[in-house]
Undergrad: 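Sharing a structure here in structure tokens format.
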4 protein chains.
Amino acid sequence: MSKTDKREMVLHAALELIAEKGFHDAPMATIAETAGVSAGTIYRYFENKDDLIREIYSYLEGNIWAAIKKNYPEGRPIRERFLHIGQSLMGYFLVSPMEFRFIEQFQNSPYGVDCRRDKFFGKKDKDLVTELFEEGLNQQIIKDLPLPILSALSFGPLIDACRDHILQFIELDDTLINQIIEANWDAIRR
Amino acid sequence: MSKTDKREMVLHAALELIAEKGFHDAPMATIAETAGVSAGTIYRYFENKDDLIREIYSYLEGNIWAAIKKNYPEGRPIRERFLHIGQSLMGYFLVSPMEFRFIEQFQNSPYGVDCRRDKFFGKKDKDLVTELFEEGLNQQIIKDLPLPILSALSFGPLIDACRDHILQFIELDDTLINQIIEANWDAIRR
Amino acid sequence: MSKTDKREMVLHAALELIAEKGFHDAPMATIAETAGVSAGTIYRYFENKDDLIREIYSYLEGNIWAAIKKNYPEGRPIRERFLHIGQSLMGYFLVSPMEFRFIEQFQNSPYGVDCRRDKFFGKKDKDLVTELFEEGLNQQIIKDLPLPILSALSFGPLIDACRDHILQFIELDDTLINQIIEANWDAIRR
Amino acid sequence: MSKTDKREMVLHAALELIAEKGFHDAPMATIAETAGVSAGTIYRYFENKDDLIREIYSYLEGNIWAAIKKNYPEGRPIRERFLHIGQSLMGYFLVSPMEFRFIEQFQNSPYGVDCRRDKFFGKKDKDLVTELFEEGLNQQIIKDLPLPILSALSFGPLIDACRDHILQFIELDDTLINQIIEANWDAIRR
DNA sequence: AATGAATGAGCTTTCATTCAT
DNA sequence: GATGAATGAAAGCTCATTCAT
């Protein structure tokens with residue numbers, strides 16, 4: 001098992017356990033056991049539990065951007081690109097409920113708040129979505145609202161819908177997914 | 001200090017600490033200290049920590065419904081009632097950031113999931129919002145989507161906006177609040 | 001409710017609870033509740049929990065001696081008196097399983113050890129049984145063994161049998177009871 | 001200090017403390033301190049306090065059976081074997097007062113009751129003593145009484161005598177020990 | 001590099017006892 | 001006398017992290 005392998009084993013074991021049990025019911029010892037390494041080994045690859053958690057999120061964020069960028073209709077109308085992003089996001093979450101549950105927990109925790117703060121106050125590169133919104137604002141296609149609000153209108157309901165699906169409160173299908181994304185578009189378009 | 005006072009001291013101390021630090025970083029000992037009572041006293045009023053947490057939520061839920069019902073424009077058009085609900089909710093959250101953060105944590109936790117399950121699977125009475133949606137569906141004023149989706153489209157962005165305001169990522173004012181609620185209306189109306 | 005009544009209510013409540021749950025699972029608060037008095041009231045009648053426990057034992061000891069003395073065949077042969085004592089004891093225990101369980105717990109605890117120490121080192125009056133043994137020794141009817149040993153040979157198996165009956169490991173009837181007592185007599189007689 | 005050493009340190013520390021103070025006055029913290037390990041370490045070797053207690057008993061039971069089996073006069077008359085068992089038991093207890101007091105407490109507790117229930121209702125293998133009694137019953141050498149009664153007649157007084165010796169109420173010597181065991185034999189033989 | 005036993009501070013909860021009313 | 005709310009010291013147990021091997 002190579003160095004990278006071990007790191008990944010730990011990362012996935014932690015992702016799985018935390019998704020299922022929550023941050024506080026996923027002891028490092030259990031993560032180690034699930035990953036097939038010793039408890040001490042985790043600390044070779046991650047500074048501490050917080051660091052491990054943030055690294056998992058970072059990894060998942062990468063996956064999500066990759067999912068969005070796949071077949072991204074660059075150059076096509078804003079609405080079309082918006083729908084693509086929504087579909088990619090929901091598609092990703094619905095086939096990866098474990099990842100979704102991790103992300104949900106992360107967002108809703110001190111980690112997530114820090115992360116969001118970094119995002120809004122520019123410690124991160126401007127992303128695809130921000131660019132899309134800014135373009136839409138410039139072209140007066142979408143409502144003149146602050147970016148965080150546009151983001152909330154676009155993705156908040158989408159995430160809630162995924163959660164309700166994963167918790168089996170509702171049953172999402174392609175039609176419904178598209179209706180939701182269209183509704184989000186209705187919320188932000190002029 | 002009367003009997004009721006102590007219960008309330010504990011309830012508010014717990015609300016405050018949990019809002020600020022999270023469930024797992026608000027030890028009973030600290031709650032007791034903040035409330036100005038001994039650790040054992042908490043257990044005279046609440047069965048255990050879980051019970052305390054659920055009681056706080058229950059109390060806050062009462063506040064929220066009271067806020068919504070205040071000046072509720074009964075008999076007025078659906079859109080008007082919808083806007084009232086949105087305004088009441090955001091109004092309540094923005095003057096009670098602590099309560100907001102508690103509720104957010106609660107919703108996003110096993111407690112909240114249980115609570116939501118009860119709501120959707122009928123262990124709770126039909127509420128004002130459900131009635132409003134059903135009326136709107138009947139009159140073909142709002143989109144034909146499942147209730148949880150309508151709920152997500154209506155309140156998801158609203159909550160996200162409150163959070164961003166409370167975390168000082170954005171600055172909400174009355175104009176912006178109304179724009180958000182109108183956008184939510186655009187999302188659900190036909 | 002008179003003063004004496006309250007004391008007795010507490011005493012019986014404690015007896016019942018301790019018999020069923022054990023010393024450490026019979027909180028003073030529960031005893032008070034069962035007795036229909038307040039927690040503080042217990043401390044008017046008993047110095048503390050230890051004192052309460054010792055008083056219960058003392059009370060039960062009185063009952064037992066009374067049971068033994070009832071129809072005691074004073075003046076009859078030693079063997080007859082021995083059999084009477086055994087029958088009285090077992091009879092008492094079998095109709096009072098709660099009392100039995102309390103006594104068993106008491107005997108087998110620091111309380112019981114202290115109590116036994118007092119008995120052997122003469123802080124208590126010489127009792128009926130001791131007198132019987134001494135008479136038997138003098139008359140060379142029973143084996144020349146120390147009193148505690150004679151006591152053990154006579155009553156140990158009897159208590160064990162009661163316990164096994166109460167725990168439903170065996171089913172005692174009059175025949176069996178008499179066989180046991182006779183066997184005990186065989187153990188101590190010359 | 002090897003792995004096994006630590007487990008044994010804990011086991012012996014717990015045995016000692018519980019023997020002296022009782023289950024409820026032997027906190028895990030004190031056991032750890034006595035054993036020279038940290039509180040958490042105990043839980044590496046024992047699931048919880050109950051488990052620790054049961055493991056100690058199991059260990060002592062092993063010792064006792066070993067003591068009985070040592071020089072066991074297999075094939076010799078029942079009476080001789082009976083005397084051997086009695087002598088072995090008392091011998092073991094008298095040189096191991098701590099073990100004795102632990103066992104006494106264990107027997108007289110929910111643990112012991114469960115253990116006894118298992119024994120009588122067949123969850124354990126038939127043991128040497130049961131075999132001896134059954135043989136004696138078949139050969140009509142010992143009284144026709146249920147096994148638990150024979151057991152009580154044989155070992156009850158023996159245990160009581162050991163307790164009185166350990167508590168220094170009496171002073172056992174070889175002569176007296178043999179007299180007691182002979183008396184027990186008198187109790188069960190026809 | 002990897003191990004995993006050991007640590008010990010920290011958690012939630014209980015309960016004998018007190019004392020203001 | 002009686003109350004019962006309040007106390008606070010302990011209890012059993014967990015787990016992130018370290019470090020000798």
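Because only heavy atoms are used, hydrogens play no part in the values below, and waters and symmetry mates are left out as well, while side chains stay in. Numbers restart at 1 for each chain; the letters A, B, ... are given by sequence-line order, proteins then strands.
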Undergrad: Of all the nucleotides listed (E:dA2, E:dC11, F:dT7), which has the minimum atom distance to the side chain of B:S38?
TA: F:dT7

Undergrad: Does D:R44 make a side-chain N or O approach to OP1 or OP2 of E:dA5 shorter than 4.0 Å?
TA: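 Answer yes for this pair, as a side-chain N or O of D:R44 is under 4.0 Å from OP1 or OP2.
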
Undergrad: The criterion is side chain to side chain contact (heavy atoms under 4.5 Å, CB included); which residues satisfy it with A:L60, sequence neighbours excluded?
TA: A:L15, A:I56, A:N63, A:Y92, A:E99, A:F102, A:I103

Undergrad: Where the side chain of C:T41 is concerned, which of F:dT7, F:dT3, E:dT17 is the nearest nucleotide?
TA: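 Closest nucleotide among those given: F:dT3.
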
Undergrad: Think D:Y45 has a side-chain N or O under 4.0 angstrom from the OP1 or OP2 of E:dA5?
TA: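 Looking at the OP1 and OP2 atoms of E:dA5, neither is under 4.0 Å from any side-chain N or O of D:Y45.
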
Undergrad: Check whether any side-chain N or O of D:K49 sits under 3.5 Å from a backbone N or O of D:F23 as a donor-acceptor pair, and report yes or no.
TA: yes

Undergrad: Answer yes or no: does atom CD of D:E61 have more than 12 heavy-atom neighbours from other residues, nucleotides or ligands under 6.0 Å?
TA: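 Enclosed: over 12 neighbouring heavy atoms sit under 6.0 Å from CD of D:E61.
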
Undergrad: Under a 3.5 Å cutoff, is there a donor and acceptor pairing between the side chains of D:N48 and D:Y43?
TA: no

Undergrad: Of all residues at least two apart in sequence or in a different chain, which pass the ring pair (Phe, Tyr, Trp, His ring centres under 6.0 Å) check with A:Y59?
TA: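 Residues passing ring pair (Phe, Tyr, Trp, His ring centres under 6.0 Å) with A:Y59: A:H12.
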
Undergrad: Does any N or O in the side chain of D:T30 come within less than 3.5 Å of the main-chain N or O of D:A26, such that one atom is a donor and the other an acceptor?
TA: no

Undergrad: For C:D25 and F:dA11, give me the distance from atom CG to atom P, rounded to whole Å.
TA: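 Rounding to the nearest Å, CG of C:D25 and P of F:dA11 are 16 Å apart.
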
Undergrad: From the set E:dT14, F:dG1, F:dT17, return the single nucleotide nearest to any side-chain atom of B:Y43.
TA: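 Nucleotide nearest to B:Y43's side chain: E:dT14.
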
Undergrad: Choosing from E:dT17, E:dA6, F:dG12, which nucleotide comes nearest the side chain of D:P27?
TA: F:dG12

Undergrad: Measure CG/A:N48 against P/F:dC19 and give the value in whole Å, please.
TA: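 Taking CG of A:N48 and P of F:dC19, I get 15 Å after rounding.
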
Undergrad: Touch check for C:M28, heavy atoms < 4.0 angstrom, all strands: base, sugar-phosphate only, or nothing?
TA: base

Undergrad: Let me know the distance between CD1 of A:I42 and C1' of F:dT18, rounded to the nearest Å.
TA: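 For the pair A:I42 CD1 and F:dT18 C1', the rounded distance is 13 Å.
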
Undergrad: Between A:E47 and D:T30, name the one whose nearest nucleotide on DNA chain F is closer to the 5' end.
TA: D:T30

Undergrad: Does B:A39 or D:A39 map to a spot on DNA chain F nearer the 5' end, using the closest nucleotide for each?
TA: B:A39

Undergrad: D:I159 versus D:F93: any side-chain heavy-atom pair under 4.5 Å?
TA: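 With C-beta onward as the side chain, the pair touches.
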
Undergrad: Respond yes when some side-chain nitrogen or oxygen of D:K49 is under 4.0 Å from OP1 or OP2 of F:dC13, and no when none is.
TA: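 Indeed not, no polar side-chain atom of D:K49 lies that close.
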
Undergrad: Could you provide the dot-bracket string of DNA chain F, using ( ) for intrastrand pairs, [ ] for crossing pairs and | for bases paired to another strand, with Watson-Crick or G-U pairs below 3.5 Å?
TA: .||||||||||||||||||||

Undergrad: So does C:K6 get a side-chain nitrogen or oxygen closer than 4.0 Å to the phosphate oxygens (OP1/OP2) of F:dA2?
TA: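 Yes, C:K6 has a side-chain N/O under 4.0 Å of OP1/OP2 on F:dA2.
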
Undergrad: Could you check C:H24 against B:A26 and say which one's nearest nucleotide on DNA chain E is further toward the 5' end?
TA: B:A26

